[in-house]
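Everything below concerns the one structure shown next.
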There are 2 protein chains.
Amino acid sequence: MSLPLAPGSTESRVAPSAPDAQDRPGGQVRMEDVARIAGVSPITVSRALSKPDMVSPRSREAVARAIAATGYVRNLVAGSLASQKTHVVAAVVPTFANPVFAATLVSMEAALQAKGFHLMLGQSGATPQTQHALISTFLARRPDGFFLHGNRCAPETRRMLVQAGIPIVEGANLRDDPIDMLVSFSNFDAAKALTRHLIDRGYRRIGFASPPWRHNDRARARRRGYIAALADAGLAVSERRIVETPLGFREGGEALRALLERDKRLDACFLAGDVLAAGALFECHRSGRRVPDDMGIAGFDDQDIASATSPQITTVHVPRQEIGRIAAEMILARIDGRADVDRRVDVGFDIRVRQST
Amino acid sequence: MSLPLAPGSTESRVAPSAPDAQDRPGGQVRMEDVARIAGVSPITVSRALSKPDMVSPRSREAVARAIAATGYVRNLVAGSLASQKTHVVAAVVPTFANPVFAATLVSMEAALQAKGFHLMLGQSGATPQTQHALISTFLARRPDGFFLHGNRCAPETRRMLVQAGIPIVEGANLRDDPIDMLVSFSNFDAAKALTRHLIDRGYRRIGFASPPWRHNDRARARRRGYIAALADAGLAVSERRIVETPLGFREGGEALRALLERDKRLDACFLAGDVLAAGALFECHRSGRRVPDDMGIAGFDDQDIASATSPQITTVHVPRQEIGRIAAEMILARIDGRADVDRRVDVGFDIRVRQST
DNA sequence: CTGAAAGCGCTAACAG
DNA sequence: CTGTTAGCGCTTTCAG
């Protein structure tokens, strides 16, 4: 690549000791080259890029011209090593495929990008082992902050994260003992409130379906919330009215069928996931059950599908975008050394009563 | 943190000149500390971690013990600078919120993670300007490879990417002039084939709805495919039977209503997105139109929703996961210096004929 | 199989 | 406002 200098540029090749960019294979331009062409020292280039206020307009412009002329792309790997700041936030979610996590990441990435931070994203899978392995390699990249969505970490994972000494935000559930910071809502309270709503509507034989809770403490919390609401109302709790199922439309229909086989008189079903709920609703359409008269259907998350079906589905609305935005703000605030940072934010939830109950 | 050495460990503090890890604030353990405790040189620790085959089992174990004892986390930022390899692949998609992109990223991340690579993920937004800005800052992080989903890049963006000298894969559309490598399918052919199917089914007044095509060449390609199929069949093409709409269930219903207002005798509608198609189907339910008899409905992408509704929705199936997996393989192969890498992979598509047409 | 020396490209710290 | 000096923590040579 040639270096078409603007006429009258402030070039001053004082010390041509180092080879020019053209001489090096790959043609990678370094800060030193830019500095020489701009007639300033490398550190001034560095400052013109990172702290423009510290540099005179004159130098700033010379640097800008030199960068434009050379097509210089700065090397943030070197910068990160020198400054001990990567401007990277790591985020680990169970999977990208679940739109519920995606909604959080959308707003988090946008907030980070606006401040010059980037997102390093990984899928932890469902087990503590895969989660630990992933977090461990992420930490080696020295992110300035960490966001976690998913289960409570294993003790050794937790220890490793604490040891890293960076701000950490968990976003999956309002837990008692966050590793560091927390922004979420109570899955227990939400499930309990929704179940309570079903009871208030007059439903008495209420089934519950959710993803497997073995490695999923949010699913467990929702299940406990469902049970607590029944117990509070003096209704019988039966394991026979509870099923585990993978997420999916078809799976929601199958879950409902399975519950109906065990109890033909089931009059409502709480499916802890809108996609499951929509699947159950479609199953009702097919089998000629009227919703909400013959069968009440309720979901969780308030995804788009919940308000698109007819009847529309009663569900728990959770501000997923808020979680991402606030998580980014918390991390950035702590990186900035602000001390007034909340360590625990409850974003709440609300029950969206629609036509399916 | 204490350093509980295993009994009989091969410790040998020969040169206690450097401060121990405990003495440094933050307690960050460096490779040098591990080396001293293991009784080897730093480079042997490095090799034990990166190229275990080059190290004797004896040293390897000593290193492993020292790492376990100290809780050492290696610094890949320093490693990346020294080796000029980050083991990071950057990926830029329009938004994380669209499950269509998520499906690709799921498999790409999994493939990368399995090889010790990580994903740096960003949302480019819809315009060339935001895309350029994002790619520019990503490049400064020196990724070893780049994945792009979205529009054809602006010329200056393209130049910047080429200049980076790293493998680049585009995944959005089978284009003529890829920047470097390409793995996708023909949006034009797919839309044309689906429209042809509608014509074969006997539909004659076929509407078309898709996201705005101003900054979206895939939407444009689909629109051209729709028009080409009509023209091939000798059917009239009318702008009045074409609408632009944001994605969404409600928007799909509204798009169908808008089309029907312009042409009451519309007998089918191709909605370039399953969510739109499902929304249109729900609208038919509400307005008492029978599908597929009064109105044929077809979608695009074969998302879960397409086979969950009743009637199920005819759509174009696209192997999104394949695209991600193959993209990762292409990038990794080129990083490995393998020369036999395909530069252009057509993953194809197929029409899933279901009950809505 | 192991080690010593020499950077990778940038920025912190200090001095002017 | 600008420059000099000295690393950041690791890996690449190149010798043994």
Side-chain angles (χ1 to χ4, degrees), chain A residues 10 12 14-15 17-19 21 24-36 38-63 67 70 72-87 139-142 144, chain B residues 10 12 14-15 17-19 21 24-36 38-63 67 70 72-87 139-142 144:
Chain A
T10 57
S12 66
V14 182
S17 54
R24 259 171 282 111
Q28 287 290 16
V29 183
R30 292 165 315 163
M31 196 173 265
E32 185 191 324
D33 305 313
V34 173
R36 197 175 338 103
V40 297
S41 73
I43 189 67
T44 298
V45 176
S46 173
R47 289 201 267 249
L49 255 21
S50 313
K51 304 156 186 170
D53 302 342
M54 287 183 62
V55 169
S56 71
R58 199 176 179 291
S59 301
R60 216 184 301 148
E61 277 154 35
V63 167
I67 287 175
T70 53
Y72 170 66
V73 177
R74 79 205 273 215
N75 186 331
L76 289 179
V77 177
S80 296
L81 179 61
S83 66
Q84 302 285 65
K85 285 178 193 128
T86 53
H87 288 244
L139 250 17
R141 305 231 182 240
R142 295 292 192 266
D144 291 340
Chain B
T10 56
S12 64
V14 182
S17 54
R24 259 173 281 111
Q28 288 289 15
V29 183
R30 293 166 313 164
M31 196 174 263
E32 185 191 325
D33 304 314
V34 173
R36 195 172 343 102
V40 298
S41 72
I43 186 62
T44 299
V45 176
S46 173
R47 289 201 268 248
L49 255 20
S50 311
K51 303 156 186 168
D53 302 342
M54 286 183 63
V55 169
S56 71
R58 199 173 176 293
S59 302
R60 216 184 301 148
E61 279 154 34
V63 167
I67 287 175
T70 54
Y72 170 66
V73 178
R74 83 205 267 214
N75 186 331
L76 289 178
V77 176
S80 296
L81 178 60
S83 66
Q84 302 284 67
K85 284 176 193 133
T86 54
H87 288 245
L139 250 18
R141 304 227 181 245
R142 295 292 195 267
D144 291 340

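Because only heavy atoms are used, hydrogens play no part in the values below, and waters and symmetry mates are left out as well, while side chains stay in. Chain identifiers are assigned alphabetically (A, B, ...) following the order of the sequence lines, protein sequences preceding nucleic acid strands; residue numbering begins at 1 within each chain.
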### Message
For B:Thr86, is there any backbone N or O sitting under 3.5 Å from a side-chain donor or acceptor partner on B:Arg142?
### Response
no
### Message
Between B:Ser50 and D:dT11, is there a contact of a side-chain N or O with OP1 or OP2 at under 4.0 Å?
### Response
yes
### Main-chain N/O of B:Ile67 paired with B:Thr70 side-chain donor or acceptor, under 3.5 Å
yes
### Message
Can you tell me how far apart CG (A:Leu76) and OG (A:Ser50) are? Round to the nearest 0.5 Å.
### Response
8.5 Å
## Note on the structure
A:Leu76 atom CG is separated from C:dT11 atom P, nearest whole Å, by 8 Å
### Query
Which sits closer to the 5' end of DNA chain D, B:Ser46 or A:Ala82, going by the nucleotide each is nearest to?
A:Ala82
### Task
May I have the distance from A:Met31 (atom CE) to D:dC8 (atom P), rounded to whole angstrom?
19 Å
#### Entry: Rounded distance (Å) that lies between atom C1' of D:dT2 and atom CZ of A:Arg36
19 Å
### Check: A:Ser46 side chain, A:Pro42 main-chain N or O, donor-acceptor pair, under 3.5 Å
no
#### Entry: Options D:dT11, C:dG9, D:dT4, nucleotide nearest the side-chain atoms of A:Ala78
C:dG9
### Task
Hey, which sits more toward the 5' end of DNA chain C by its nearest nucleotide, B:Gln84 or B:Asp53?
B:Asp53
### Query
Under 3.5 Å, is there a donor-acceptor pair between the side chain of B:Arg60 and the main chain of B:Val55?
yes
### Query
Can a side chain N or O of A:Gln28 be found less than 4.0 Å away from OP1 or OP2 on C:dG9?
no
### Message
Taking any heavy-atom pair under 4.0 Å as a contact, classify A:Lys51: base, sugar-phosphate, or nothing.
### Response
sugar-phosphate
### Message
What is the distance, to the nearest angstrom, from the CG atom on B:Leu81 to the C1' atom on D:dT12?
### Response
12 Å
### A:Ile43 CD1 to A:Met31 CE distance, which is reported to the nearest 0.5 Å
7.5 Å
### Task
Would you tell me if any nitrogen or oxygen in the side chain of B:Tyr72 comes within less than 4.0 Å of OP1 or OP2 on D:dG9?
no
### Query
To the side chain of B:Val40, which of C:dC10, C:dG3, D:dT2 is closest?
C:dG3
### Query
Roughly, in whole Å, what's the span from CG in A:Leu49 to C1' in C:dG9?
13 Å
### Task
Could you please name the option among D:dG3, D:dT2, D:dC10 that lies closest to any side-chain atom of A:Ile43?
D:dG3
### Message
Base of C:dG3, side chain of B:Arg47 - is there a donor-acceptor contact under 3.5 Å?
### Response
yes
### Query
Think A:Ser56 has a side-chain N or O under 4.0 angstrom from the OP1 or OP2 of D:dT2?
yes
### Message
Just N and O in the side chain of A:Ser83: are any of them under 4.0 Å from OP1 or OP2 of D:dC8?
### Response
no
### Task
Would you mind reading off the distance between B:Asn75 atom CG and D:dG9 atom P, rounded to a whole angstrom?
7 Å
### Task
Mind calculating the distance between CE (A:Met54) and C1' (D:dG3) to the nearest angstrom?
11 Å
### Task
Would you please confirm or rule out a distance under 4.0 Å between OP1 or OP2 of D:dG9 and any side-chain N or O of A:Arg142?
no
### Task
Name the nucleic acid region contacted by B:Ser59, choosing base, sugar-phosphate or nothing; use a 4.0 angstrom heavy-atom cut-off, strictly under.
sugar-phosphate
### Message
Please report the distance, rounded to the nearest Å, between CZ in B:Arg30 and C1' in D:dG7.
### Response
12 Å
### Query
Can you tell me if the side-chain N/O atoms of B:Thr44 get under 4.0 Å from OP1 or OP2 in C:dC1?
no
